[in-house]
Number of protein chains: 2
Amino acid sequence: MRVPKKERQRLLQETIEHNPFIKDEELSKQFSVSIQTIRLDRMELKIPEVRERIKHVASEHLDEVKSLSMSEVIGDMIDLKLDDSAISVLDIEKEHVFSRNEIARGHVLFAQANSLAVALINDELALTTKADIRFSRQVHLGERVVAKARVMKLRGDGRTDVTVESYVGEECVFDGDFTIYRRGEEEQA
Amino acid sequence: MRVPKKERQRLLQETIEHNPFIKDEELSKQFSVSIQTIRLDRMELKIPEVRERIKHVASEHLDEVKSLSMSEVIGDMIDLKLDDSAISVLDIEKEHVFSRNEIARGHVLFAQANSLAVALINDELALTTKADIRFSRQVHLGERVVAKARVMKLRGDGRTDVTVESYVGEECVFDGDFTIYRRGEEEQA
DNA sequence: AAAGAACTTAATACCTGGTACTAATAGCAG
DNA sequence: CTGCTATTAGTACCAGGTATTAAGTTCTTT
């Protein structure tokens, strides 16, 4: 039943992660050590007491409502030549990924690319009307995505074709062809 | 400062509902009564102590995470038949629109549709690999968007084609064809 | 085998945010 | 004034800890 300290602490961490509601007493039974040992372990691993853990879970729940405000999922613009080309950078953080596997959600990459394409247009009103997009590689928590947009064709009728390619390092992770409508008040973005 | 009992209890209930983390002590200050009075009030109203309230909020949260992260869908899922069809509703609010003209940003509609398409897939891992989308009408602040997703083709190779159409009332405002990858750990969403 | 270090357990005082219960007081109506 | 409700006070007790000091118990290393 009894496992060495290192192993016990690894298991402890896992156990608590998967059930934050468990008390020291239960843990001590589960690992067949004294309560004090569990507490030392928690200290070393910097795991807070059960009430704090519960509070943490609960408070995450509360912000969930406002979490996906989406308003600024767009990254930082680092270069912009209107009606020509633009570059933005987005660091993938916790709120951008599926909690289960830490892979960035599709609409995050889309949002970065779309926002960039729209920003590129030198006009008061610019709205996306159409987009063909491909996700070519997963993007993980902590990675930095650089999106590069270029105007391909400025049509006379108010439509502009913009291509966006997003990279993590050398690798292309996303690309899309956007048609942006400018000026008029029809169409959609 | 001091309000009659009935009124105080009504406010107490509201206060706690909107902030379940509040302690008796704070409440007693807020209502300028003693802690004991607050406790009598809670008794009468059958409101549990703060730790229980927090635990309750937290456990709701856990359920959600386990129940295949409905929370990760944007908008409210109102119907879901796995691997068949799904419907979600999203009310367009301030954070979804361009402040200049109160038109919903493209990636908001995309996010609703994309999330719905991904949620539809009856698998642990589901990631968008490709999407062709069209925005056919502007969506304005305050409008309610209903997205309807339907699985079109379940290919053998792990790819599934999903079509999503989003409506405001009778009008189609967005539609898209998504290719979702399931299972494996390649590709991207 | 003895010494030391690392690990484990024990014991005790104290903390927060309560419950449960008893009793005293305040404020007002009849 | 009596009676009633509402409020406040006080005490004992609880869970689930923290923090600290001290005492074993192993394991290793010389």
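These numbers were taken from a predicted model, which means no experiment stands behind them. Values below: every heavy atom of this structure, side chains too, minus hydrogens, waters and symmetry copies. Sequence lines set the chain letters: A, B, ... in the order given, protein chains first and strands last, and positions in each chain run from 1.
Taking every nucleotide of DNA chain D with any atom under 4.0 Å from a non-hydrogen atom of chain A, the first and last of them, 5' to 3', are D:dA15 to D:dT18. First and last contacts of DNA chain C with chain B, using any nucleotide atom under 4.0 Å from a protein heavy atom and ordered 5' to 3', fall at C:dT16 to C:dT19.
With sequence neighbours excluded, the residues forming a salt bridge (charged side-chain N to carboxylate O under 4.0 Å, His left out) with B:E25 are B:K29, listed by chain and number. Scanning for side-chain hydrogen bond (donor to acceptor under 3.5 Å, both in side chains) contacts around B:N101 gives an empty result, with sequence neighbours left out. With sequence neighbours excluded, no residue satisfies side-chain hydrogen bond (donor to acceptor under 3.5 Å, both in side chains) with B:E26. Shown here are the side chain to side chain contact (heavy atoms under 4.5 Å, CB included) partners of B:L40, two or more places apart in sequence or in another chain: there are none. Not a single side-chain hydrogen bond (donor to acceptor under 3.5 Å, both in side chains) links A:S166 to another residue, sequence neighbours left out. Annotation: side chain to side chain contact (heavy atoms under 4.5 Å, CB included) contacts of A:Q36 (sequence neighbours excluded): A:S34. Looking at residues two or more places apart in sequence or on another chain, you find a salt bridge (charged side-chain N to carboxylate O under 4.0 Å, His left out) between A:D41 and A:R8. For B:K148, the salt bridge (charged side-chain N to carboxylate O under 4.0 Å, His left out) test picks out no residue, with sequence neighbours left out. Applying the salt bridge (charged side-chain N to carboxylate O under 4.0 Å, His left out) rule to B:R144 yields the partners B:D91; only residues at least two apart in sequence or on another chain are considered.
Taking the six-membered ring where tryptophan is involved, the planes of B:F178 and B:F110 are tilted, since the angle between them lies from 30° to 60°.
Comparing A:Q36 and A:K5 by the nucleotide of DNA chain C that holds the closest heavy atom to each, the one mapping nearer the 5' end is A:K5.
Residue contacts shown for B:R53 are absent, as no nucleic acid heavy atom lies under 4.0 Å away.
Within residues 39-51 of chain A, the residues that have a heavy atom under 4.0 Å from DNA chain D are, in order of number, A:R39, A:R42, A:E49, A:V50, A:R51.
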